[in-house]
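Keep in mind the model is a prediction, meaning the values are calculated, not measured. Both ligands and their constituent atoms are indexed starting at 1 by order of listing.
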Amino acid sequence: MTTRHTAAPRIGVLAVQGDVLEHVRALGLAGADAVPVRRPGELADVDGLVVPGGESTTIDRLSRIFGLHEPIRARIAEGMPVYGSCAGMIQLADEILDGHRDQQTFGGIDMTVRRNAFGRQVDSFETDLHLAGIEDPERPVRAVFIRAPWVERVGDRVEVLAEAAGHPVAVRQGNLLATSFHPEVTGDHRVHELFVRICRDR
Ligand code: GLN
């Protein structure tokens with residue numbers, strides 16, 4: 001008799017700019033088969049996608065140049081799970097504030113996100129946050145904010161998972177997950193495990 005293991009979901013990390021390798025590593029440790037995605041053909045092969053932190057205006061511009069913008073929008077519309085961290089959160093917002101004049105997002109989450117929102121006071125900081133939906137939710141996550149956005153408006157279908165400074169900083173709408181902060185740099189993989197679960201359950 002053979003034992004069948006639940007196949008690891010194949011999760012892409014959008015690899016046009018930003019901290020791609022940290023997410024590939026964290027996803028691998030969280031039980032996924034993680035691969036960088038630079039081409040539409042590579043996108044077609046994945047069960048879920050991470051949009052990393054970096055610079056959202058650059059991620060936007062390069063995604064359009066590489067022909068990934070429309071295919072990513074189409075996969076989101078079909079229900080593909082996507083997790084966006086920091087710049088990735090900005091790219092999942094239906095509406096942004098303080099974006100570049102021609103900046104476009106993939107959208108998908110009914111929310112308004114302000115770029116560099118904390119950055120007007122402090123550029124970067126860390127804090128402990130309780131995050132709903134992760135394993136062992138009583139144990140806080142170390143949240144690292146780097147020129148981070150915050151959420152200024154959420155629609156009815158958006159679940160707020162964590163707040164900081166009076167604003168949502170972690171949200172979920174169906175298969176779409178977004179955090180203002182960077183869990184890939186802390187060694188605590190519970191946010192990535194949550195996303196791997198979303199991809200597996202789909
Ligand atoms: N400020 C960046 C932007 O607007 C996001 C910063 C980050 O991803 N660490 O894209």
What are the two closest non-hydrogen atoms of A8 and R200, and how far apart are they?
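A8 and R200 have their closest heavy atoms at CA-NH2, 4.3 Å.
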If the test is side chain to side chain contact (heavy atoms under 4.5 Å, CB included), which one of P81, P183, S85, P9 qualifies with F195?
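That would be P81.
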Per-pair distances, ligand 1 N/O vs protein N/O, less than 3.5 Å:
from     : atom 1 : to   : atom 2 : distance (Å)
ligand 1 : 1 (N)  : N116 : OD1    : 2.5
ligand 1 : 1 (N)  : R147 : O      : 3.0
ligand 1 : 4 (O)  : S56  : OG     : 3.3
ligand 1 : 4 (O)  : R115 : NE     : 2.7
ligand 1 : 4 (O)  : R115 : NH2    : 3.1
ligand 1 : 8 (O)  : G54  : N      : 2.9
ligand 1 : 8 (O)  : G54  : O      : 3.1
ligand 1 : 8 (O)  : A87  : N      : 3.0
ligand 1 : 9 (N)  : I146 : O      : 3.0
ligand 1 : 9 (N)  : H182 : NE2    : 3.0
ligand 1 : 10 (O) : S56  : N      : 2.4
ligand 1 : 10 (O) : S56  : OG     : 2.8

Greater than 12 external heavy atoms within 6.0 Å of R39's CZ:
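12 or below, so no.
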Just wondering, more than 12 heavy atoms not from R139 lying within 6.0 Å of its CZ?
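Yes - once you tally the heavy atoms of other residues, nucleotides and ligands closer than 6.0 Å, there are more than 12.
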Hydrophobic cluster identity match, V151 and F181, side-chain contacts under 4.5 Å
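No, V151 does not connect to F181 through the hydrophobic network.
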Classify the ring geometry of H192 against H23: parallel below 30°, tilted from 30° to 60°, perpendicular beyond 60°.
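Tilted, since the angle between the ring planes falls between 30° and 60°.
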